[in-house]
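First the structure, in the form of C-alpha cells, and then the observations on it.
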Amino acid sequence: MNLISTIMIIAILLSTILTIVSFWLPQLNPDYEKLSPYECGFDPLGSARLPFSLRFFLVAILFLLFDLEIALLLPLPWGDQLANPLFTFSWATAVLVLLTLGLVYEWTQGGLEWAE
C-alpha cells in the first residue's frame, strides 16, 4: 500500500470517528437561554420601536474608526523596504496625528462621556 492511500484511509477513518462522536457528546435536553437569539442586549421578540442611547452608536463608530486605523497601519513595518521609506512613514505619522486630533476633539466635546 502506498503512502497516499494510507493517508486517505486514515483521514476517512478519523473523520468518520469524529463525526460519530460529535453526535453522541452533546446534551439532548436543550437549554432555553442558549437557544434564544441574542441581539446586542435588546429583546429580539419585543417592539422594534424602542428608543436607545445615541451615545452607544457614537462609541461604536469611534471604535470602528480606531480599528480601521490599526488596519491601515498594519503594513507599516514592510514600508521600510520601499525605495523611499520616509514617504511611507510620513503618511503614517499624518494619519496618526489626524486621528489623535480627532480623539482629542471628541474628548474635549464630551463625546466619550457615557453618563453625564
Side-chain angles (χ1 to χ4, degrees):
M1 212 183 324
N2 60 8
L3 183 64
I4 294 176
S5 62
T6 306
I7 290 174
M8 289 295 290
I9 290 173
I10 291 173
I12 291 171
L13 185 66
L14 185 63
S15 63
T16 305
I17 290 172
L18 288 176
T19 303
I20 292 171
V21 168
S22 72
F23 283 113
W24 285 340
L25 282 182
Q27 294 179 355
L28 296 178
N29 49 355
D31 187 17
Y32 175 73
E33 291 294 325
K34 289 184 180 179
L35 292 177
S36 66
Y38 180 74
E39 296 289 337
C40 299
F42 300 112
D43 183 21
L45 302 176
S47 174
R49 305 275 183 210
L50 293 175
F52 40 87
S53 175
L54 190 61
R55 293 204 185 268
F56 172 78
F57 288 107
L58 178 65
V59 170
I61 289 173
L62 286 174
F63 172 76
L64 288 175
L65 178 70
F66 286 102
D67 195 37
L68 179 65
E69 167 205 351
I70 292 171
L72 288 174
L73 294 177
L74 276 176
L76 187 60
W78 290 278
D80 63 347
Q81 298 173 3
L82 296 174
N84 190 3
L86 186 61
F87 184 70
T88 304
F89 293 128
S90 63
W91 275 109
T93 304
V95 167
L96 283 175
V97 166
L98 183 65
L99 287 172
T100 304
L101 289 175
L103 178 64
V104 168
Y105 175 76
E106 285 293 326
W107 198 331
T108 56
Q109 295 296 317
L112 298 177
E113 298 295 326
W114 191 257
E116 295 178 8

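For the numbers below, each heavy atom of this structure counts, side chains included, while hydrogens, waters and symmetry mates do not.
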**Prompt:** Do the side chains of Val95 and Leu65 join up, straight or via other hydrophobic residues, at under 4.5 Å, putting them in one cluster?
**Reply:** yes
Donor-acceptor pairs under 3.5 angstrom involving side-chain atoms of residues 10-21: please list them, not counting sequence neighbours.
residue, atom, partner, partner atom, Å
Ser15, OG, Ala11, O, 3.0
Ser15, OG, Ile12, O, 3.0
Thr16, OG1, Ile12, O, 2.7
Thr19, OG1, Ser15, O, 2.7

**Ala92: side-chain contact (heavy atoms from CB on, under 4.5 Å) partners, not counting sequence neighbours** = Leu73, Leu76
**Asked** Same cluster for Leu99 and Ile61 if Ile/Leu/Val/Met/Phe/Trp/Tyr side chains link at under 4.5 Å?
**Response** no
**Item:** Spacing of Phe66 atom CZ and Leu68 atom CG [to the nearest 0.5 Å]
**Value:** 11.0 Å
**Prompt:** Roughly how far, to the nearest 0.5 Å, is CD1 of Ile4 from CD1 of Ile9?
**Reply:** 12.5 Å
**Request:** Looking only at non-hydrogen atoms, find the nearest pair between Thr100 and Leu96 and report the distance.
**Result:** OG1-O, 2.6 Å
**Prompt:** Is atom CZ of Phe89 surrounded by more than 12 heavy atoms (other residues, nucleotides or ligands) closer than 6.0 Å?
**Reply:** yes
